[in-house]
Number of protein chains: 2
Amino acid sequence: MSVTIKDIAKLAGVSHTTVSRALNDSPLISMETKLRIRAIAQELNYTPNFSAKSLVLDRSYNLGLFFTTLSEGTSAGFFYEAIRGVNTVIRDRYHLIVKGIDDYRSFQAITRKSFDGIVVVSQSRDDQPFIDHAVAAQIPVAVLNREVEDKGILNIMSDEEQGAFQAATYLIDQGHRRIALIEGRKGFKSAQNRKEGFLQAMRQRGITVKNEYLMPGMYDLQSGFISMKQLLELAEPPTAVFCCNDEMALGAIKAITDKGLQVPKDLSVMGFDDTVFSAFVTPALTTVRRPIELIAREGAIRLLTNIEQKEQDHEPVYLKTELIIRDSVRKIN
Amino acid sequence: MSVTIKDIAKLAGVSHTTVSRALNDSPLISMETKLRIRAIAQELNYTPNFSAKSLVLDRSYNLGLFFTTLSEGTSAGFFYEAIRGVNTVIRDRYHLIVKGIDDYRSFQAITRKSFDGIVVVSQSRDDQPFIDHAVAAQIPVAVLNREVEDKGILNIMSDEEQGAFQAATYLIDQGHRRIALIEGRKGFKSAQNRKEGFLQAMRQRGITVKNEYLMPGMYDLQSGFISMKQLLELAEPPTAVFCCNDEMALGAIKAITDKGLQVPKDLSVMGFDDTVFSAFVTPALTTVRRPIELIAREGAIRLLTNIEQKEQDHEPVYLKTELIIRDSVRKIN
DNA sequence: CTGAAAGCGCTAACAG
DNA sequence: CTGTTAGCGCTTTCAG
């Protein structure tokens, strides 16, 4: 089988304890023997058995990255950036385990023994039972992207309400008054926040939003397309539409051009997220950037210090969104 | 601490050995005691300690999913589909560990002890040392997406050459003769295959491709944009462009419209991959679908039977690509 | 059908 | 500074 510390011990003429200590750089061992033992380990191509370490140290070297779901409602870009963000900080220090919360029928297997820490990229308040379970199981948790009531757990997100407020204000500043909203997926907190920011901007500027301008959406292309189509059939269609994410904005643009109209000449469209392709579609999308990768990185960093130093500093962190002005909105008189 | 089989044993008045057997459904135990023990386990909310199991069973319950890189050159959609594909088959039977090969400076830690199996989504022949290492370490491996010489290891991919051939043939059938190519990222086998399929179609139809029609690319939007810009400055620009992936095709379309021209009226564009947004951009992209999710699923299934039943059936599998006709190519006389 | 004992590879008192 | 011993939680002979 593979080589163990006992093999090394035999060759070095010491006890396996000494080998263990030498390899873990214990101050109890003389430099001389340390070097000798390490040389032998190197030679034999020794790799520690992590199962054994885990068993005795009570650490798994696993870091969980959980999404609400891997099946639907999670955009590919979002997913990608989150994984990248976390991965750049853990590199090969931990195993990054990616899962959908809905992969589990029972959370029994989610224990402190199998996860040293968990990052939850939360898109829905349906995730709460999972988060509660993790906390109850004493696993250090960082919740990203969605605000969570429970004070005392790491919580990093972007200020989405402010982002939507920023977007809506921009549309108003461009002279628009008949502004429609295509909402995010029902039950997602982000959908609610964005809608709130939008409405707040309208209220602040004294603009009343007709009920028929408030359209449902699912965060996917399809739903943006369908809702836009309906808006176009209104007796008095809007002059601008704020879509709660970029994918729906693309769907909306498609619906508009299908009808023989042009963006932004006949109708202005805004998105939210600034996904990778948003800059390259035609017209390039005016949108709001949510710093997912940054959020993920920040969350991972804090979680690790938490795990490794047992710290407990837990103020919610809001990272700022940024207005990205491109070509899909035009100024009207 | 958490509950162990010994706790259960005590409560049930049996030895921990019996508990272990009962929980693992050993035929040596009477139905009666099995039921009794399981009830108690349930009651105590027992979860096995996987580190301990791993140590004695010599299995880690980890399945590695390795990409060439998580940093660049991997499109978000590709990534997403691959993870989904694998995840749907493993669910909670294994831990899915997602990593970039370039996260590792040394492959020392990649051992049979820490991975029961590895899926490599390979995009470059630079992955070969990693694959060789895994094979040498006796880890069951499935290589997806790229053909691999080593017979005897699982290998699933799409037939990209055929896909590109299909695409090019389609362009020719639509009457195009001045056809340009924007290539994929250098060093990626897929880039080579797609180019080959393209050239073969040209050869078969007796069309010579000017050197100035062969443009470099990096599989990202930027490079599609730049290369297209250059093509437009040619004395005799092409009437159609085949881009080696959809992202570059979007970049190309952007370059064309920036110049005041229209797709497909003035110039036809084809992509490759059929990423999620391809259907919704304007014009909707004519492209070739590569069944990544299917490939990933198929790879995972075969890998698992391999792990669990020690089978050894290893013919390379090619899954068919599909021509997706939309609106970005027009017929010319 | 059940139990006693050994051991997987490693770390951590405790004793020198 | 080094070694002896025990034990993490589990499975697996081997004996009843």
Looking only at side-chain N and O atoms, does [X] come under 4.0 Å of OP1 or OP2 in [N]?
X	N	result
A:T18	D:dG3	yes
A:S20	C:dC10	no
A:K53	C:dT11	yes
B:N24	D:dT11	yes

Discussion item. By nearest atom, which of the nucleotides D:dT11, C:dC10, C:dA4 is closest to the B:L57 side chain?
Written reply: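 Between D:dT11, C:dC10, C:dA4, the one nearest the side chain of B:L57 would be D:dT11.
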Worksheet item: Considering residues at least two apart in sequence or located in another chain, which fulfil the side-chain contact (heavy atoms from CB on, under 4.5 Å) criterion with B:N24?
Response: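 Counting only residues at least two positions away or on another chain, B:N24 forms a side-chain contact (heavy atoms from CB on, under 4.5 Å) with B:S20, B:K53.
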Look at all strands and tell whether [X] reaches a base, only sugar-phosphate, or nothing, counting heavy atoms closer than 4.0 Å.
X	value
A:T33	sugar-phosphate
A:Y46	sugar-phosphate
A:T4	sugar-phosphate

How many whole angstroms separate atom [atom1] of [X] from atom [atom2] of [N]?
X	N	atom1	atom2	answer
A:I8	C:dT11	CD1	P	11 Å
B:Y61	D:dT11	OH	C1'	11 Å
B:D58	D:dT12	CG	C1'	14 Å
A:M31	D:dT2	CE	P	12 Å
A:I5	D:dT2	CD1	C1'	14 Å
B:F50	D:dT11	CZ	P	10 Å
B:K34	C:dT2	NZ	P	10 Å
B:L23	D:dG9	CG	C1'	13 Å

Discussion item. Between A:T47 and B:A109 (side chain of the first, backbone of the second, donor and acceptor by atom type, cut-off under 3.5 Å), is there such a pair?
Written reply: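 Here the side-chain-to-backbone pair does not exist.
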Worksheet entry | 5'-most by nearest nucleotide on DNA chain C - B:R21 or A:L55 |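 Nearer the 5' end of the strand: B:R21.
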Do [X] and [Y] pair up side chain to side chain, a donor and an acceptor below 3.5 Å, judged on atom types alone?
X	Y	value
B:T18	B:S15	yes
A:N62	A:D116	no
B:N145	B:S122	no

Worksheet item: How are the rings of A:Y61 and A:Y94 set to each other: parallel, tilted or perpendicular (split at 30° and 60°)?
Response: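 The arrangement is tilted - the two ring planes meet at 30° to 60°.
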Worksheet item: Does the distance from a Lys or Arg side-chain N to an Asp or Glu carboxylate O, for A:E298 and A:R302, drop under 4.0 Å?
Response: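 So A:E298 pairs with A:R302 through a salt bridge.
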Worksheet item: Can you find a donor-acceptor N/O pair under 3.5 angstrom joining the side chain of A:H16 to the base of D:dT4?
Response: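 Per atom types, no contact qualifies.
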Worksheet item: Do A:S15 and D:dT4 have a side chain to base donor-acceptor pair shorter than 3.5 Å?
Response: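 When only heavy-atom distances are counted, A:S15 does not reach the base of D:dT4 through any donor-acceptor pair under 3.5 Å.
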Discussion item. If you take any heavy atom closer than 4.0 Å to DNA chain C, which residues from residues 35-42 of chain B end up in contact?
Written reply: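 The stretch gives none, as no residue of it lies under 4.0 Å from the strand.
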Fill in: B:Y80-A:F78 aromatic ring centre distance below 6.0 Å
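No - the distance between ring centres of B:Y80 and A:F78 does not fall below the 6.0 Å cut-off.
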